[in-house]
Amino acid sequence: MNFSEKVFKAVKRIPKGSVSTYSEIAEIIGNPDASRAVGNALNKNPTPIIVPCHRVVRSDGKAGGFAKGTKKKIELLRKEGIEIKNNKIDLEKFGCKF
DNA sequence: AACTAGACGCCTC
DNA sequence: GAGGCGTCTAGTT
């Protein structure tokens, strides 16, 4: 299984209304230090429909980047029911640990 | 070989 | 205590 494939699998597990961090994803797939590669893989994700990239945020709580625009990402997250304060997300509340 | 949607630590204010 | 800068890693293109 490719790294990207693992990433997609992990991201797909994120329930609606919850978010996960890049390091969480990296940890789940077995490469806790590949947080950066996770973002890279998501950017080039071949299946943007089944992979909710917008539910993946930084460990800082910031949204991070997004192919369609970070602003759009935040907007989507808000629609999911996630509250963002000062451009930051409550990982304590919405952070999904699986 | 160079880039990236990150993470961590250290330094400064 | 908060913010900014610099550094390192892992994987993809």
Side-chain angles (χ1 to χ4, degrees):
Chain A
M1 195 189 274
N2 291 334
F3 177 83
S4 319
E5 222 174 308
K6 293 184 196 169
V7 174
F8 306 142
K9 201 175 179 180
V11 174
K12 281 194 287 187
R13 286 191 207 176
I14 305 172
K16 181 176 174 292
S18 299
V19 296
S20 189
T21 63
Y22 291 97
S23 60
E24 275 290 323
I25 300 296
E27 195 178 331
I28 291 161
I29 66 181
N31 293 307
D33 300 316
S35 53
R36 182 162 273 235
V38 172
N40 198 337
L42 286 175
N43 185 355
K44 313 225 170 67
N45 79 61
T47 56
I49 303 161
I50 41 184
V51 182
C53 324
H54 59 270
R55 274 184 213 158
V56 187
V57 299
R58 291 183 64 157
S59 61
D60 304 87
K62 289 206 91 190
F66 193 53
K68 213 171 188 285
T70 309
K71 201 179 169 189
K72 200 80 181 173
K73 177 175 180 175
I74 294 169
E75 205 175 298
L76 285 166
L77 287 170
R78 276 188 171 174
K79 284 180 185 174
E80 297 263 317
I82 295 158
E83 291 187 35
I84 299 167
K85 326 223 169 195
N86 198 356
N87 251 7
K88 288 194 178 176
I89 300 162
D90 292 273
L91 294 173
E92 301 289 317
K93 284 195 167 197
F94 306 105
C96 181
K97 300 183 179 90
F98 297 101

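What you see below is based on every heavy atom in this structure, not just the backbone, and it leaves out hydrogens, waters and symmetry mates. We name chains A, B, ... by the order of the sequence lines, and we start the count at 1 in each one.
When rounded to the nearest whole Å, the span between CG of A:N45 and P of B:dA5 equals 13 Å. A:N86 places its CG atom 8 Å from the P atom of C:dG3, with the value rounded to the nearest Å.
Pairing each heavy atom of A:P46 with each of A:F8, the nearest pair is CD-CZ, 3.2 Å.
A 4.5 Å side-chain heavy-atom check between A:E80 and A:H54 finds at least one atom pair inside the cut-off. Proximity of A:R55 to A:V11: side-chain heavy atoms (C-beta onward) are nowhere separated by under 4.5 Å.
Phosphate proximity of B:dA5 to A:R58: absent, as no side-chain N or O sits under 4.0 Å from OP1 or OP2.
Contact annotation: side chain of A:Y22 to base of B:dA5, donor-acceptor pair present below 3.5 Å.
If you chain together ILVMFWY residues whose side-chain heavy atoms come under 4.5 Å of each other, A:L76 ends up grouped with A:F66.
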Checklist entry - What would the secondary structure line of DNA chain C be in dot-bracket form, counting Watson-Crick and G-U wobble pairs under 3.5 Å, with [ ] for pairs that cross earlier ones and | for pairs with another strand? => result ||||||||.||||

Checklist entry - How does protein reach along nucleotides 6-13 of chain C, written 5' to 3' as B (base within reach of a heavy atom under 4.0 Å), S (only sugar-phosphate), or - (no contact)? => result ----BBSS

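Annotation: side chain to side chain donor-acceptor pair (under 3.5 Å) contacts of A:K71 (sequence neighbours excluded): none. Considering only residues two or more places apart in sequence or on other chains, A:D60 meets the side chain to side chain donor-acceptor pair (under 3.5 Å) condition with A:R58. Residues that satisfy the side chain to side chain donor-acceptor pair (under 3.5 Å) test with A:S18, not counting sequence neighbours, are absent from this structure.
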Next on the checklist: Show, in sequence, the C-alpha distance, side-chain angles and deciding distance for A:V56 and A:I14, and conclude whether the side-chain contact (heavy atoms from CB on, under 4.5 Å) test is met.
Outcome noted: CA-CA 9 Å; A:V56 187; A:I14 305 172; 4.1 Å; yes

